[in-house]
Amino acid sequence: MDKKTDIKQTAAGRAMDFIKALLCAYVVTGILLLVLALLLYKAGLSEENVNAGILLTYVISTFSGGFVIGKLTGARKFLWGLLAGILYFALLLLISLGIYHTLQGAAAETGAAFVLCALGGMLGGMIS
């Protein structure tokens, strides 16, 4: 094989790794949000507790995605985990824009969510 074919296979392989990592992160997100909804229903959580639970869900989900991408890539794990966290946030932002046609929350909250997603993914990659 020539170098051009190797690069294409590597790029396709990396894209598949990211799809697997993001899928894992979103499955974890779904499970944690179901648990949070159950707690809200049964325990009557306050708005502050729900917001904290959502941020914790972001961190745990991106950690799991970063962990998966770190295991799949094997090198520069923190960088791949960071990128997985950023892609998770970008997809989350796109979904939010698609549903609400505007950004929900203040810029500070959105920035904090971005930082938490990026750091969660990076930490997952580093631990893997």
Side-chain angles (χ1 to χ4, degrees):
M1 288 188 186
D2 61 359
K3 275 191 163 188
K4 194 172 188 178
T5 306
D6 287 341
I7 291 172
K8 286 182 182 178
Q9 287 178 344
T10 302
R14 289 286 188 237
M16 206 58 187
D17 290 345
F18 272 108
I19 290 171
K20 291 175 187 174
L22 289 175
L23 183 62
C24 173
Y26 278 107
V27 166
V28 170
T29 299
I31 292 168
L32 291 176
L33 287 178
L34 283 174
V35 169
L36 186 62
L38 181 66
L39 287 172
L40 178 62
Y41 176 70
K42 292 290 184 182
L45 297 176
S46 68
E47 186 177 346
E48 294 85 24
N49 289 337
V50 172
N51 288 337
I54 290 171
L55 290 177
L56 186 62
T57 297
Y58 290 161
V59 173
I60 294 170
S61 298
T62 54
F63 178 86
S64 66
F67 189 84
V68 168
I69 194 73
K71 284 291 186 189
L72 292 174
T73 58
R76 292 191 224 146
K77 298 176 184 183
F78 74 97
L79 187 60
W80 293 114
L82 176 68
L83 189 56
I86 291 170
L87 286 175
Y88 174 92
F89 177 79
L91 189 56
L92 193 68
L93 197 64
L94 286 173
I95 291 168
S96 179
L97 282 171
I99 291 173
Y100 300 112
H101 303 292
T102 185
L103 290 176
Q104 297 290 314
E109 292 173 357
T110 304
F114 172 77
V115 169
L116 289 174
C117 288
L119 291 178
M122 186 170 66
L123 183 62
M126 289 167 58
I127 300 287
S128 68

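The first residue of the sequence shown is numbered 1, and numbering continues consecutively from there.
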### Task
Run through Thr73, Leu83, Leu72 and flag the one making a side-chain contact (heavy atoms from CB on, under 4.5 Å) with Phe18.
Leu83

### Task
To the nearest 0.5 Å, tell me how far Ile99 CD1 sits from Leu94 CG.
11.0 Å

Output a table of donor-acceptor pairs, distance under 3.5 Å, between side-chain atoms of residues 57-70 and any protein atom two or more places apart or on a different chain; print 'none' if there are none.
from	atom 1	to	atom 2	distance (Å)
Thr57	OG1	Gly53	O	2.8
Ser61	OG	Thr29	N	3.3
Ser61	OG	Thr29	OG1	2.8
Ser61	OG	Thr57	O	2.8
Thr62	OG1	Tyr58	O	2.8
Thr62	OG1	Val59	O	3.2
Thr62	OG1	Cys117	O	3.4
Ser64	OG	Ser61	O	2.7

#### Entry: From CA spacing to verdict: side chain to side chain contact (heavy atoms under 4.5 Å, CB included), Phe114, Leu93
CA-CA 10 Å; Phe114 172 77; Leu93 197 64; over 6 Å; no

### Task
Test side chain to side chain contact (heavy atoms under 4.5 Å, CB included) on Leu36 and Leu45 and set out the steps.
CA-CA 9 Å; Leu36 186 62; Leu45 297 176; 4.0 Å; yes

#### Entry: Val35 reachable from Val28 in the ILVMFWY side-chain graph, under 4.5 Å edges
no

### Message
What verdict does the side chain to side chain contact (heavy atoms under 4.5 Å, CB included) test give for Leu119 and Leu123, after you've listed the backbone C-alpha separation in whole Å, the side-chain angles of each residue and the deciding distance to 0.1 Å?
### Response
CA-CA 6 Å; Leu119 291 178; Leu123 183 62; over 6 Å; no

### Message
I need the minimum non-hydrogen distance between Lys77 and Gly125, along with the two atoms involved.
### Response
CB-O, 3.0 Å

### Message
Once rounded to the nearest 0.5 Å, what's the spacing between atom CG of Leu23 and atom CE of Met16?
### Response
9.5 Å

### Query
About how many Å separate CG of Leu92 and OG1 of Thr110, when rounded to the nearest 0.5 Å?
10.0 Å

### Task
Examine distances only and state if a side-chain atom of Trp80 and a backbone atom of Ala75 form a donor-acceptor pair shorter than 3.5 Å.
yes

## Note on the structure
Correct closest heavy-atom pair for Phe78 and Met122 would be O-CG, 3.6 Å

### Query
Leu87 and Ile95: same hydrophobic cluster, using ILVMFWY side-chain contacts below 4.5 Å?
yes

### Query
To the nearest 0.5 Å, what is the distance between CG (Asn49) and CG (Leu56)?
11.5 Å

### Query
Any chain of hydrophobic side-chain contacts (each under 4.5 Å) joining Val27 to Leu33?
no

### Query
Does Phe89 belong to the same Ile/Leu/Val/Met/Phe/Trp/Tyr cluster as Val115, with side-chain heavy atoms less than 4.5 Å apart forming each link?
yes

#### Entry: Leu97: partners by side-chain contact (heavy atoms from CB on, under 4.5 Å), with sequence neighbours left out
Leu103

### Query
Hey, what's the ring geometry for Tyr26 with Tyr88, parallel, tilted or perpendicular (30° and 60° as the breaks)?
parallel

### Message
Measuring from atom CZ of Arg14 to atom CD1 of Ile19, what distance do you get when rounded to the nearest 0.5 angstrom?
### Response
14.0 Å

### Message
So, taking the atom named CG in Leu116 and the one named CD1 in Ile54, what distance separates them when rounded to the nearest 0.5 Å?
### Response
12.5 Å

